[in-house]
Protein chains: 2
Amino acid sequence: MRGPSTPYDLKRAIGRSVGYFWNFPHAQLYAEPKRLQGAGFLDVHEEDTGRRRKIYTITEAGDAALRDWLAEPVKEHFELRDIAEIKLFFNELAEPDDVARLARDQIEQHERRIAEYEEMQRRYGGIEGVSSRMVTLELGLGMEYAAREFWRGVQERVERGEFSSMKRRPTAR
Amino acid sequence: MRGPSTPYDLKRAIGRSVGYFWNFPHAQLYAEPKRLQGAGFLDVHEEDTGRRRKIYTITEAGDAALRDWLAEPVKEHFELRDIAEIKLFFNELAEPDDVARLARDQIEQHERRIAEYEEMQRRYGGIEGVSSRMVTLELGLGMEYAAREFWRGVQERVERGEFSSMKRRPTAR
DNA sequence: GCGCCACGGTACGCTTCGGACCATGTCAGC
DNA sequence: GCTGACATGGTCCGAAGCGTACCGTGGCGC
């Protein structure tokens, strides 16, 4: 989509797009093109002076492989990976105050993210060509709204004393 | 929460709970207790006959560490890890038919999951003691509803011809 | 008495991860 | 014209995560 790019270019592009819902450790972005090049899906041009940038270009084979992959059905269900959710799952072992703080922090975090996303929508929403890349932003927003509502509910319930701590773990099987 | 358990016990328990939103390759569930035991957070009792089960019990130190962790604030934002979303992000490179199929499959997948979750709610919702563990199920459901709505929207837009393919990639920088 | 399947676990190679580290330009402010 | 901060562009590496293949045990139905 971007044309020939260096890993660093990708890193920045990702930071403003897919990075919001799929984390890429930057070291990966240097290792992966190397592999793809080995597989014949990318060509490299390495500068021989200065910063020695490596500019990768997709090959015909790479283009074909990408399109094949896109046409392939998705079997995996999405995975959430939410530390806060894990902690809430173990709420019985925590103090109600901890749960309350967890909920408060989560609401704040999701609100911040919602503000970011809504700002992006306002800024780039109308622009021709870019808007088809904005579709996924809506999913992100939907998820954020749902999460915010959920944690608000948790907060209310904590306030009503519906979470209680279990001081000792069970020792019997 | 469960008391002394074997990795296998955990594997099954996880399959019916956290496993829905956080994947655990079962090999991990044998390696991790070993590590935790090394750190003094678990005790082992290994059977010396038959299946040689390893039954792990949490220690005082482990219990304390767990509670500390639960009390610690969560810094990381959740991560979605949705292959379908990635593919949709690259919709410009795919055929509209592929996008349509993607949306259809996703709607089906999310509906299946919603049915499972709703069934769980009906079955275990009222039960004393278990219901505090059901909280996270609500978040799961919220996410599923949001995702289903989103993909329905995508489907409608594909039908209206709002997605078009870009046959050739840009070659200029 | 035997074959199947749930149980319970190990081994191993590959990938992913993230933090530490390094070197090159650029530009603002003195 | 020097310097220090910061963006650029990248490598290295140990640790953790992943998934598949594989192995033995025991209960139960036929």
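A note on names: the letters A, B, ... follow the listed sequences, proteins ahead of strands, and every chain is numbered from 1.
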Could you check if a side-chain atom of A/Val135 sits within less than 4.5 angstrom of a side-chain atom of B/Arg157, using non-hydrogen atoms only? yes
Output yes when at least one side-chain N/O atom of A/Lys11 is less than 4.0 Å from OP1 or OP2 of D/dT8, else no. no
Whole angstroms only, please: what is the CD1-P distance between A/Ile14 and D/dG9? 15 Å
Quick one: which of C/dC7, C/dG19, D/dG19 gets closest to the side chain of B/Pro25? D/dG19
Of the listed nucleotides (D/dA7, C/dA20, D/dA21), which one gets closest to any side-chain atom of B/His26? D/dA21
Nearest-Å distance for atom pair CD/C1', residues A/Glu32 and C/dC17: 13 Å
In whole angstroms, the gap separating P of D/dG14 from CD of A/Gln28 amounts to 16 Å
Return no unless some side-chain N or O of A/Tyr8 is found under 4.0 Å from OP1 or OP2 of D/dT8. yes
By the definition side-chain hydrogen bond (donor to acceptor under 3.5 Å, both in side chains), identify the one residue from B/Glu149, B/Arg148, B/Glu144 that meets it with B/His110. B/Glu144
Inspect the contact between A/Arg101 and A/Asp97 and indicate whether a charged nitrogen and a carboxylate oxygen are less than 4.0 angstrom apart. no
Please determine, for the side chain of A/Arg12, which listed nucleotide (D/dT8, C/dC17, D/dG17) has the closest atom? D/dT8
Using a cut-off of less than 4.0 Å, is there contact between a side-chain N or O of B/Arg35 and OP1 or OP2 of D/dA16? yes
With side chains defined as the heavy atoms from C-beta onward, is the minimum distance between B/Gln155 and B/Trp151 less than 4.5 Å? no
Of the nucleotides C/dG9, D/dA7, C/dA11, which has the atom closest to the B/Ala27 side chain? C/dA11
Reading DNA chain C from 5' onward, which residue's closest nucleotide shows up sooner: A/Thr49 or B/Lys34? B/Lys34
